[in-house]
There are 2 protein chains.
Amino acid sequence: MTNTNDSWTALGDTMRRAIFELLVEDPRSVTELARALPVTRSAVSQHLKVLKGAGLVVDTPAGKHRIYRVDPNGLAPLRADLDRYWMKALAAYKAAVEQPQEE
Amino acid sequence: MTNTNDSWTALGDTMRRAIFELLVEDPRSVTELARALPVTRSAVSQHLKVLKGAGLVVDTPAGKHRIYRVDPNGLAPLRADLDRYWMKALAAYKAAVEQPQEE
DNA sequence: CGTTCGTGTTAGTCATGGCTAACGCGTTAG
DNA sequence: CTAACGCGTTAGCCATGACTAACACGAACG
């Protein structure tokens, strides 16, 4: 839970990233999301379950509706991974440029 | 190509992320990667093709071997997306906290 | 040369998971 | 209380893609 692995695979799917992008712009309900996307409400609901499991979104019951919004905390592990990749890659690239005949 | 979409889906796969993590630590050849992973050399080669297509890794012929290393440029679009998510999510969260009865 | 090593590619199988349709539950309004 | 709405869940189908095995090619080395 809240595993880094889940976050990557969650946003690895195109449809889920589309849903996430919509939620980043504005919090919405399930039906609103389904109306903006070429899939049924059921599919959206299942995707939201995955995103919620990864800690990327949170849901708030609001009357009849249920509003989904992005959770900044869920993005933190992704940023951590990406920063680590970034630094290591940059360091390796720099080292390779400075010493081409190394290794 | 070098599409943002490709980058996310490329790293969305567990095995590909494992390969990428290994390459982040140290540049390696295909056989070395295959030896460190529970899949065949062929599978690794196909995954590397995807990662290369996404601009996340580059290959350098080195004698008999072919060394794969991560490409910092490929990570840039991912960082851009993630930063955008981050800022928007944080702004929305802040706004929600400051004005709970909004919307 | 021919052989061996390292790799890419293809065909083909199989599993993962994304999708729809149908149902069940809770909540709200009349 | 009854009806309608919004949503989650399940079963089942189907497409995507991940994997292995086999083959083909080029480079290095004797």
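Just so it is clear: chains get the letters A, B, ... in the order the sequence lines come, proteins before strands, and each one is counted from 1.
Between B/Arg17 atom CZ and D/dA18 atom P there is a gap of 12 Å when expressed in whole angstrom units. Following rounding to the nearest Å, B/Asp59 (CG) and C/dT9 (P) show an atom-to-atom distance of 10 Å. In this structure, the NE2 atom of B/His47 is 17 Å from the P atom of C/dT7, given to the nearest Å. A straight line from NZ of A/Lys49 to P of C/dC19 spans 15 Å, rounded to a whole angstrom. D/dC5 atom P lies 13 Å from atom CZ of A/Arg35, rounded to whole Å. Rounded to whole Å, atom P of C/dT16 lies 16 Å from atom CG of A/Asp6. Regarding B/Arg41, its CZ atom lies at a distance of 14 Å from the P atom of C/dT10, rounded to whole Å. For the pair A/Ile67 CD1 and C/dT27 P, the interatomic distance rounds to 17 Å; values are reported in whole Å.
Annotation for B/Leu56 and B/Gly74: closest pair CD2-O, 3.5 Å, computed over non-hydrogen atoms.
Nearest nucleotide to the B/Met15 side chain, out of D/dT20, D/dC19, C/dA22: D/dC19. With C/dG8, C/dG6, C/dG18 as the candidates, the nucleotide lying closest to the side chain of A/Arg16 is C/dG18. Considering only side-chain atoms of B/His65, the nucleotide from C/dG6, D/dC7, C/dT20 that sits closest is C/dG6. Considering only the side chain of A/Ala43, C/dT20 comes nearest among C/dT20, C/dG18, C/dT7. For B/Arg66, whose side chain is taken as the heavy atoms from C-beta onward, the closest listed nucleotide among D/dA18, D/dT20, C/dT7 is C/dT7.
Remark: side-chain polar atoms of A/Arg16 are paired, donor with acceptor, to backbone N or O of A/Ala10 under 3.5 angstrom. Between the side chain of B/Arg28 and the main chain of B/Leu22, a donor-acceptor pair closer than 3.5 Å is present.
At C/dT20, one or more side-chain N or O atoms of A/Thr40 fall inside 4.0 Å of OP1 or OP2 (strictly under the cut-off). Between A/Thr31 and D/dC5 there is no side-chain polar atom (N or O) within less than 4.0 angstrom of OP1 or OP2. For A/Tyr68 and D/dG6, the shortest distance from a side-chain N or O to OP1 or OP2 is not below 4.0 Å.
Residues B/Met15 and B/Leu48 fall within the same hydrophobic cluster, defined by Ile, Leu, Val, Met, Phe, Trp and Tyr side chains chained together at heavy-atom separations under 4.5 Å.
The aromatic rings of B/Tyr85 and A/Phe20 stand perpendicular to each other, their planes meeting at an angle above 60°, with 30° marking the opposite boundary.
Comparing B/Ser29 and B/Gln46, the nucleotide of DNA chain C nearest to each residue sits closer to the 5' end for B/Ser29. Comparing A/Lys64 and A/Asp13, the nucleotide of DNA chain C nearest to each residue sits closer to the 5' end for A/Asp13.
Contacts of B/Ser45 with the nucleic acid, taken as non-hydrogen atoms under 4.0 Å apart, include base atoms. Across all strands, A/Ser42 comes closer than 4.0 Å to base atoms (heavy-atom distances).
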